[in-house]
Protein chains: 2
Amino acid sequence: MKFDARLNTVEQDCADCPIRHNAVCAHCETDELGTLDAMKTYRNFAAGETVIWAGDDLTFLGSVIDGVASLSRTLSDGRRQMVGMLFPSDFVGRPGRSTTPYDVVAATDLRLCTFRKKPFEELIARTPSIERRLLSMTLDELDAAREWMTLLGRKTAREKISSVLLIFARRSAALQKDTVGDGFSFALPVTREVIADYLGLTIETVSRQISALKKEGLITLNGARQVVINDHDALKEQCGDDD
Amino acid sequence: MKFDARLNTVEQDCADCPIRHNAVCAHCETDELGTLDAMKTYRNFAAGETVIWAGDDLTFLGSVIDGVASLSRTLSDGRRQMVGMLFPSDFVGRPGRSTTPYDVVAATDLRLCTFRKKPFEELIARTPSIERRLLSMTLDELDAAREWMTLLGRKTAREKISSVLLIFARRSAALQKDTVGDGFSFALPVTREVIADYLGLTIETVSRQISALKKEGLITLNGARQVVINDHDALKEQCGDDD
DNA sequence: CGAAAGATTGATAAGCATCAAACAGAGTGG
DNA sequence: CCACTCTGTTTGATGCTTATCAATCTTTCG
């Protein structure tokens, strides 16, 4: 049965929340959690649905509970660059600003735990533990963004593809509490187009580089979306990174 | 006379500080300011000097008072990407983390107002106004980093150069409480090499694109570093941005 | 003045985008 | 069950953009 993303699911207690210990509310005390619990609304989006358009009024903020959201910007002639991917526990929206500077799109079916903006801003103003957690998460995101800038500005197409394959592999491994090594198999969660927008390439170049890695035996493909890593060390070499 | 960047200058009262109203201390009360005043140490760096190497222990944090600092990452074969530029009032370093993931280099002669890391971390833990200001500044930097990702991933060389010229122009205008328009003149604060590392280009491409804009009459150069904008609207058009 | 660093310009080549066509898989309806 | 469409993917041919290599010019500073 297909998941109907528009359907609002039953409210859940914060104490049972799967992202409880990683999200913005990670270090909340019981009473603070109670306040959040009373404020929250779950929102669901189907894959491909836009959560917020760039420039739109930002009326709510919140956390990703399940699924992946992409942040992307568009140039005047339609060229698109993905500037971030939000995974479960990541925070959506920006306190203290009235509009978002980029589109937020559900890359997969997506479930958010949201708060109306104004009350949430008032809450963090009097709750240092939330503010501190938000600062820490924002600093992490800034580091990630800067690492991505290095990829976008200086890496070749082959290095970009190798890098992104390993990133998806590690994400997949982490979810299964496994590690990436020779023979590790994982699924690409997104289309070639999304990968291209993420890497600052065209879909043709993405496809060609994946084919090249396949032809050289570093990876094997089962269909277009399932990847097996044959030579992990060699693939890591191809990333160009300094470690 | 050449500015000797290693020479420690006379301590300055926070109340007279040129970045007082924009830095991390912007919203401090008088007593909080007094605490900071007692903690601070000025540090000067000559253009080209490295403030912190990637991976080094982070022993101090602080604000840029004068000059420009660059944040950059290096790939295994030496390719470099600048991932941020810090101007006066911008914050250096990251509370809550012991090492920096990128090199911090003085792009020009540089003056910092620094605090030892530990005492400063303790201070922000009990001073919400500083933490709030730091969060706000970090969110701004994240937005800037994401905008830069769009430039790096999707803009052409010409668009990159036009964009960076306008960024420098606006920075310069803001400092003089002026606005950018036809006839506006400003200095490029950095070498072509730094611009190239910032834009993910080579110095030759930077030079060629600047020459092209000059040849087409959008800008005029006085020497290599002084730029006059002849046609602001046309230059803005060249950026490719969606507004 | 002479050396060194920074900037410009030219010739050439590599890398990636663009345009175009074919292929593969999933879902649809006769 | 098979044609049919739609979307996503692969592959090929070609050309533009930018990197690379190299030489010259300019500015700065000792």
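Chain letters run A, B, ... following the sequence lines, proteins first, then strands; residues in each count from 1.
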Legend entry - Between C1' of dT8(C) and CD1 of Ile219(B), the distance in whole Å: 14 Å
Legend entry - Arg192(A) side chain near dT7(D) phosphate (N/O to OP1/OP2, under 4.0 Å): no
Legend entry - Pairing of Arg80(B) and Glu193(B) as salt bridge, 4.0 angstrom limit: yes
Legend entry - Rounded distance in Å - CZ (Arg154(A)) to C1' (dG15(C)): 15 Å
Inset, instruction - Calculate the interatomic distance between Asn222(B) atom CG and dT26(D) atom P; express it in whole Å. - result: 16 Å
Inset, instruction - Figure out the CZ/P separation between Arg225(B) and dT27(D), and round it to whole Å. - result: 13 Å
Legend entry - Cation-pi check, Arg111(B) onto Phe45(B) ring (under 6.0 Å, within 45° of axis): no
Legend entry - Among Ile161(A), Thr150(A), Asp241(A), the one residue meeting side-chain contact (heavy atoms from CB on, under 4.5 Å) with Lys155(A): Asp241(A)
Legend entry - Under-4.0 Å salt bridge between Arg97(A) and Asp143(B): yes
Legend entry - Nearest-angstrom distance from the residue atom CG of Leu221(B) to P of dG6(C): 18 Å
Inset, instruction - Measure the distance from CG on Asp77(A) to P on dA17(C) and round it to the nearest whole Å. - result: 14 Å
Legend entry - For atom CD of Gln226(B) and atom C1' of dT26(D), their distance in whole Å: 17 Å
Legend entry - Integer-rounded Å distance: dG6(C) P and Asp197(B) CG: 12 Å
Legend entry - Arg43(A) with Glu49(A): basic N within carboxylate O range, under 4.0 Å: no
Legend entry - Glu141(A) and Arg146(A) ion-paired at < 4.0 Å: no
Legend entry - DNA chain C contacts made by residues 199-212 of chain A, counting heavy atoms under 4.0 Å: Gly200(A), Leu201(A), Thr202(A), Glu204(A), Thr205(A), Arg208(A)
Legend entry - Under 3.5 Å donor-acceptor, Thr50(B) side chain and Trp53(B) backbone: no
Inset, instruction - Considering just the side-chain nitrogens and oxygens of Arg79(A), establish if one lies under 4.0 Å of OP1 or OP2 belonging to dA17(C). - result: no
Legend entry - Comparing Gly223(A) and Arg158(A) on DNA chain C - which has the more 5′ nearest nucleotide: Arg158(A)
